[in-house]
Amino acid sequence: QLPFVESGGGLVQSGGSLTLSCEALKYIKMDYAAIGWFRQAPGKEREGVSCISSSDGSIHYNDSVKGRFTISRDITKNTMLLQMNSLRPDDTGVYYCAATNGRLDCSAWVQVEYDYWGRGTQVTVSS
């Protein structure tokens with residue numbers, strides 16, 4: 001059974017908005033887990049987009065999305081979210097949610113530290 005139920009990807013014009021959502025299974029404790037969003041553009045390696053550390057609750061963003069994207073979690077629904085505004089064509093890619101119940105400072109964007117991964121959702125931004 002996959003750890004997340006993902007929704008929210010799609011095709012949007014440049015300047016538009018999308019919200020990605022990953023509802024986690026109950027064994028992922030969204031109230032204290034470290035959570036992260038990653039993306040992989042065509043022909044490129046997967047990179048960190050945004051994360052929340054479980055060590056101190058700090059929030060981190062890739063410089064390319066600062067001021068445009070917002071990470072959050074809805075504990076009542078055990079769900080993590082990524083609100084994406086002012087989307088650009090270079091935001092196109094497959095977006096992955098990830099989480100770990102362990103203690104993690106996520107600022108180093110170490111992907112192997114995450115125990116649970118979504119299978120990815122496509123985001124395409126047209127110019």
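What you see is a predicted model; the values in this text were computed from it and never measured.
Counting heavy atoms from C-beta outward, Pro3 and Tyr27 have side chains that approach closer than 4.5 Å. Between Asp91 and Val123 there is no side-chain heavy-atom pair separated by less than 4.5 Å. In this structure the side chain of Phe69 never reaches within 4.5 angstrom of the side chain of Ser50, judged on heavy atoms. With a 4.5 Å cut-off on side-chain heavy atoms, Met30 and Met80 count as touching. At a threshold of 4.5 Å between non-hydrogen side-chain atoms, the residues Tyr61 and Thr70 count as touching. Residues Asn101 and Asp115 fail the side-chain proximity criterion, which asks for heavy atoms closer than 4.5 Å. For the pair Cys22/Tyr116, no side-chain contact is recorded, criterion being any heavy-atom separation below 4.5 Å from C-beta on.
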- Message: Using side-chain contact (heavy atoms from CB on, under 4.5 Å), reason through Cys106 and His60 one step at a time and then give a plain yes or no.
- Response: CA-CA 8 Å; Cys106 68; His60 305 275; 3.5 Å; yes

- Task: Could you walk me through whether Arg39 and Glu47 pass the side-chain contact (heavy atoms from CB on, under 4.5 Å) test, one step at a time?
- Result: CA-CA 6 Å; Arg39 68 185 178 189; Glu47 64 174 356; 2.8 Å; yes

- Task: Test Glu113 against Thr100 for side-chain contact (heavy atoms from CB on, under 4.5 Å), laying out the working first.
- Result: CA-CA 7 Å; Glu113 297 283 0; Thr100 176; 5.6 Å; no

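Side chain of Thr19 to backbone of Gln83: no donor-acceptor contact under 3.5 angstrom is found. Side-chain atoms of Asp74 never come within 3.5 Å of backbone atoms of Thr79 as a donor-acceptor pair (strictly under, hydrogens ignored). Judged purely by atom type and a 3.5 angstrom limit, Gln1 has no side-chain atom pairing as donor or acceptor with the backbone of Leu25. For the pair Asn78 (side chain) and Glu23 (backbone), a donor-acceptor distance under 3.5 Å is absent.
The heavy-atom pair separating Leu11 from Ser126 by the smallest distance is CD1-CB, 4.4 Å. Cys51 and Tyr114 get closest at one heavy-atom pair: CB-OH, 3.7 Å. Of all heavy-atom pairs between Ser54 and Ala33, the closest is CB-C, 3.9 Å.
Separating the CD1 atom in Ile59 from the CD1 atom in Ile35 is a distance of 8.5 Å, to the nearest 0.5 Å. A distance of 13.5 Å separates OG1 of Thr121 from CZ of Phe4, quoted to the nearest 0.5 Å. Going from atom CZ of Arg119 over to atom CG of Leu2 covers 5.5 Å, rounded to the nearest 0.5 Å. With rounding to the nearest 0.5 Å, the separation of OG in Ser127 from CG in Asp90 is 11.0 Å. Taking CD1 of Ile52 as the start and OG of Ser72 as the end, the distance is 7.0 Å to the nearest 0.5 Å.
Taking the side-chain contact (heavy atoms from CB on, under 4.5 Å) definition, one finds that Val94 meets it with Tyr96, Gln122, sequence neighbours left out.
The hydrophobic clustering, which links ILVMFWY residues whose side-chain heavy atoms are closer than 4.5 Å, places Phe38 and Leu87 apart. Under the 4.5 Å side-chain heavy-atom criterion for Ile, Leu, Val, Met, Phe, Trp and Tyr, Val12 and Trp37 are members of the same hydrophobic cluster. Under a hydrophobic-cluster definition in which Ile, Leu, Val, Met, Phe, Trp and Tyr are linked whenever side-chain heavy atoms come within less than 4.5 Å, directly or via other members, Ile71 and Leu104 are assigned to different clusters.
Each side chain to side chain donor-acceptor pair (under 3.5 Å) pair with one or both residues in residues 3-18, not counting sequence neighbours, appears once here: Ser17-Asn85. Under the salt bridge (Lys or Arg N to Asp or Glu O under 4.0 Å) criterion, the residue pairs touching residues 49-66 are Asp63-Lys66, with sequence neighbours excluded.
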